[in-house]
Amino acid sequence: MSLAEPRLIRAGSDRAALSGATTRRRKPFRTRAYKVFRAVALIVVVAAFIAPLVWMFLASLKTNVDIYDASKTLVFSPTTANYETVLGRNNYLSFVFNSFWVAFASTVLSLIIGIPAAYSMSRFAMRRSALVVLMARIIPGVSLLVPWYYVFSNLSMVGGYSVLILSHMFVALPLIVYILMSYYDSMPLELEEAARVDGLTHIGAFLKVTLPLSVGGIATASILAFIFSWNNFMFALVLSGADTKTLPVAIFNFVAYASIDWGGLMAASVVVTIPIMVIALFTQKYIVSGLTAGATKG
Amino acid sequence: MAVAALPPKRAPQKQNAWKAYSDWANEHRKWLFAAPAMIFVAVLIAFPLGWTLYLSLTDASGSVRAKSEFIGLENYADVLTDTDRFWPAVLRTFVFTAVALTVQLVLGMAIALLLWRPFKGEKWVRVAILLPLVATPVAVGMMWRLIFDPNIGFANQLLGFVGIGPQPWLSGQYSALPTVIFIDIWQWTPMVVIILLAGLTSLSDEPDEAARIDGATAWQRFRFITVPLLMPTIIVAILLRSIDALKTFDLLYATKGRGGGSFHEVETLNVYAYGLSFDYNDYGVSSTVLIIFFLIIVAVMFVLTRRRKEVQK
């Protein structure tokens with residue numbers, strides 16, 4: 001083992017040199033004991049993160065009688081009754097639409113004002129201006145809600161979509177600016193300068209060269225903005241009306257009654273979580289790069 | 001800049017209006033690009049903050065439109081001497097944040113180290129770790145409410161298997177706070193893992209190899225090489241997590257409802273302020289709490305960003 005070590009190190013770094021600097025250069029650990037330990041540890045970790053979600057899903061397929069029965073923890077006859085109740089009787093599909101529309105519109109509008117802002121703040125190193133936008137992330141939402149509620153109810157906007165979209169833009173915009181700023185920071189200026197030499201204006205170069213090149217960053221930012229807007233609870237709790245409730249608020253209202261319909265509640269929770277998880281499954285590399293934006297540069 | 005310095009009289013000859021606008025836009029693109037976003041945020045923040053500050057000096061309550069009297073710093077005196085709701089809420093906010101953050105950092109680091117070196121099925125493990133992170137917090141709260149239900153919950157069934165009696169979990173006066181901290185750890189440890197993993201992946205191999213050749217043990221290399229090199233990333237993780245942990249609302253409100261439960265057992269500053277505003281319509285006091293809360297958050301951020309700059313040097 002110890003004799004083979006230097007050779008393995010070299011093999012590892014050769015491979016790294018071939019596959020480029022960005023990939024992992026670490027060589028895998030060699031000892032069998034470590035491999036077994038790691039396999040066990042990984043299984044425990046994955047189980048800890050997944051099991052509760054599986055539990056929620058299983059409960060959504062059980063009758064309330066089965067949920068109360070410890071012997072039917074894993075073996076039970078599944079039923080779709082909870083989903084039928086939730087989707088049929090409680091106007092749930094319109095809440096799904098509300099959530100989708102608010103998240104979508106607030107993401108798109110935030111992109112429209114956020115992309116140029118992020119670009120400018122990155123290119124001209126406007127750190128103080130960037131801080132203004134990032135304040136939206138730091139400030140507790142409650143401190144804005146009372147004045148917002150007052151103003152928007154005077155404008156008869158409370159209970160409409162526009163106020164929800166505006167408030168959710170408040171969640172989406174700082175995310176978009178933060179992610180795209182670090183994206184533009186790492187983008188070379190040369191291409192844009194070449195476009196300038198070819199006769200494009202500054203704005204033309206931005207629109208025709210920089211923007212198409214930043215599609216990856218924009219995708220990352222939009223996906224995260226959409227997820228955070230979809231999951232947001234507090235703003236919609238205060239600012240939505242009976243018809244414009246979003247899914248998190250609709251779920252919360254489920255438990256306002258004396259006894260909880262656990263099966264229905266879990267079905268409702270699955271309905272709100274599934275779309276976002278499907279999005280996450282297909283876009284996981286974007287989510288990871290968005291969440292780590294700016295982290296590695298320190 | 002050189003173009004702008006030319007005498008403006010020469011410009012209109014061939015240029016149409018569009019060209020003039022376009023030139024102006026290009027000239028001022030720095031602010032033109034940044035302004036919409038900044039104005040949007042500034043309007044939605046500055047005015048409410050100013051108003052909250054004003055409300056904190058009045059006895060506003062009842063309806064949002066009700067008349068209120070200016071009472072100076074009376075609310076501040078009341079709030080800062082309130083050992084019944086306010087100070088316990090401050091304490092809970094810090095306990096919640098500190099405990100959740102510490103455990104998330106330790107666990108997150110351990111998991112990130114596990115995932116660091118390549119292995120089969122890496123992608124699936126990453127996906128699994130991402131799921132709690134994207135799950136809707138209110139749904140997560142509901143899910144754990146069922147799991148921690150004292151009578152039918154899986155948690156107590158599990159304890160039953162190993163012969164431990166049922167625990168009250170979320171419904172207990174003293175167990176509720178640890179339980180919500182546990183849920184927060186479940187949901188947000190993945191965030192720390194992802195950030196630290198990104199940092200680990202970007203580390204250079206050489207210092208570690210050098211130490212290995214010098215005969216350093218795995219722990220020594222971790223403690224004296226990996227951790228110091230990773231410090232900027234660790235600070236980013238602390239910064240991002242503490243902003244959110246201090247403000248945690250959905251999880252607490254979804255699991256315990258108004259006032260953080262009947263004994264206010266999970267009432268943090270955010271939940272307290274929300275309750276004062278929207279459950280009890282006590283706007284003057286709630287604004288006071290919010291201003292103090294805001295100052296606390298700014299202070300914490302200030303300390304952390306200074307630490308971050310020191311680490312970078």
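Below, all heavy atoms of this structure are taken into account, side chains as well, without hydrogens, waters or symmetry copies. In what follows, chains carry the letters A, B, and so on, assigned in the order in which the sequence lines appear, proteins first and then strands, with residues in each chain numbered from 1.
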Derivation and outcome, side-chain contact (heavy atoms from CB on, under 4.5 Å), residues B:K123 and A:Q284
CA-CA 9 Å; B:K123 197 189 153 199; A:Q284 48 120 355; 3.3 Å; yes
Given the rule in the side-chain contact (heavy atoms from CB on, under 4.5 Å) test, do B:R117 and A:R38 qualify, once you have shown the distances and angles that lead to the verdict?
CA-CA 10 Å; B:R117 288 152 208 270; A:R38 175 158 82 169; 3.8 Å; yes
Evaluate side-chain contact (heavy atoms from CB on, under 4.5 Å) for A:R137 paired with B:D244, printing each intermediate quantity in order.
CA-CA 9 Å; A:R137 178 112 172 70; B:D244 286 339; 3.1 Å; yes
Intermediate values then yes/no, side-chain contact (heavy atoms from CB on, under 4.5 Å), A:S269 and B:M143:
CA-CA 8 Å; A:S269 300; B:M143 171 183 97; 5.9 Å; no
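Within the 3.5 Å criterion, the main-chain N or O of B:P137 finds no donor-acceptor partner in the side chain of A:N231. For B:T52 (side chain) and A:S143 (main-chain N/O), a donor-acceptor pair under 3.5 Å exists by modelled atom type. Using modelled atom types, no side-chain atom of A:W55 and backbone atom of B:L146 make a donor-acceptor pair closer than 3.5 Å. Side-chain N or O atoms of A:S120 include one that pairs as donor or acceptor with a backbone N or O of B:K30 at under 3.5 Å.
Among B:I291, B:L49, B:L131, B:I297, the residue with the largest count of heavy-atom pairs under 4.5 Å with chain A is B:L131. For the set B:N26, B:L290, B:D149, the count of heavy-atom pairs under 4.5 angstrom toward chain A peaks at B:N26. The most heavy-atom pairs under 4.5 Å with chain A, out of B:G141, B:S22, B:A25, B:A34, come from B:A34. Ranked by heavy-atom pairs shorter than 4.5 Å toward chain B, the options A:M169, A:K285, A:R123 are led by A:M169. Among B:F294, B:F47, B:F40, B:W31, the residue making the largest number of heavy-atom pairs under 4.5 Å with chain A is B:F40. Between chain A and the residues B:V41, B:V134, B:L196, the largest count of heavy-atom pairs under 4.5 Å involves B:V134. For the set A:I274, A:I251, A:N232, A:V238, the count of heavy-atom pairs under 4.5 angstrom toward chain B peaks at A:V238. Put simply, of B:V289, B:V127, B:L114, B:I195, the one with the most heavy-atom pairs under 4.5 Å next to chain A is B:L114. Chain B forms more heavy-atom pairs under 4.5 Å with one residue of A:I112, A:L145, A:T201, A:V151 than with any other, namely A:T201.
Using a 4.5 Å cut-off between heavy atoms, B:N151 does not touch chain A at all. Both the backbone and the side chain of B:I152 come within contact range of chain A, each with at least one heavy atom under 4.5 Å from a heavy atom of that chain. B:I243 touches chain A through its side chain: at least one heavy atom from C-beta onward sits under 4.5 Å away, while N, CA, C and O do not. Looking at B:M191, only its side chain comes within 4.5 Å of chain A, counting heavy atoms on both sides. The parts of A:L144 that come within reach of chain B are both its backbone and its side chain, each placing non-hydrogen atoms under 4.5 angstrom from that chain. Contact of B:K247 with chain A is made through the side chain alone, with heavy-atom distances under 4.5 Å. Within the 4.5 angstrom heavy-atom criterion, atoms from both the backbone and the side chain of A:L166 approach chain B. When heavy atoms are compared at a cutoff of 4.5 Å, B:L130 approaches chain A solely by way of its side chain, counted from C-beta outward. For chain A, the nearby parts of B:L44 are the backbone and the side chain; heavy atoms of each come within less than 4.5 Å. Contacts of A:M234 with chain B are made by both backbone and side-chain atoms, with heavy-atom separations under 4.5 Å. B:W124 does not touch chain A: none of its heavy atoms, backbone or side chain, sits under 4.5 Å away. Using a 4.5 Å cut-off between heavy atoms, A:I227 contacts chain B through its side chain alone, with no backbone atom that close. In this structure, chain B has heavy atoms under 4.5 Å from both the backbone and the side chain of A:L291. Looking at A:A39, there are no atoms closer than 4.5 Å to chain B (heavy atoms on both sides), in backbone or side chain. Of the atoms belonging to B:M301, it is side-chain heavy atoms, and not backbone ones, that fall under 4.5 Å from chain A. Only the side chain of B:F278 comes within contact range of chain A, judged by heavy atoms closer than 4.5 Å. Of the two parts of B:L55, only the side chain, counted from C-beta on, holds a non-hydrogen atom closer than 4.5 Å to a non-hydrogen atom of chain A. Proximity to chain A involves both the backbone and the side chain of B:I45, based on heavy atoms less than 4.5 angstrom apart.
Among B:L107, B:I129, B:L115, B:V125, the single residue meeting the side-chain contact (heavy atoms from CB on, under 4.5 Å) criterion with A:V45 is B:I129. Checking each of B:Y54, B:Y283, B:W51 against A:Y150 for a ring-ring contact (aromatic ring centres under 6.0 Å, His included) leaves exactly one that passes, namely B:W51.
Counting heavy atoms from C-beta on, the side chains of B:R145 and A:L265 never come closer than 4.5 Å. With a 4.5 Å cut-off on side-chain heavy atoms, A:F124 and B:R29 count as touching. By the 4.5 Å heavy-atom criterion applied to side chains, A:P52 and B:I147 are counted as neighbours.
Considering all non-hydrogen atoms of both residues, B:P132 and A:F49 come closest at CG-CD2, 3.6 Å.
A:R127 CZ: more than 12 foreign heavy atoms inside a 6.0 Å radius. No more than 12 heavy-atom neighbours from other residues, nucleotides or ligands sit within 6.0 angstrom of OH on A:Y286.
To the nearest 0.5 angstrom, B:Y253 atom OH is 6.0 Å from A:L237 atom CG.
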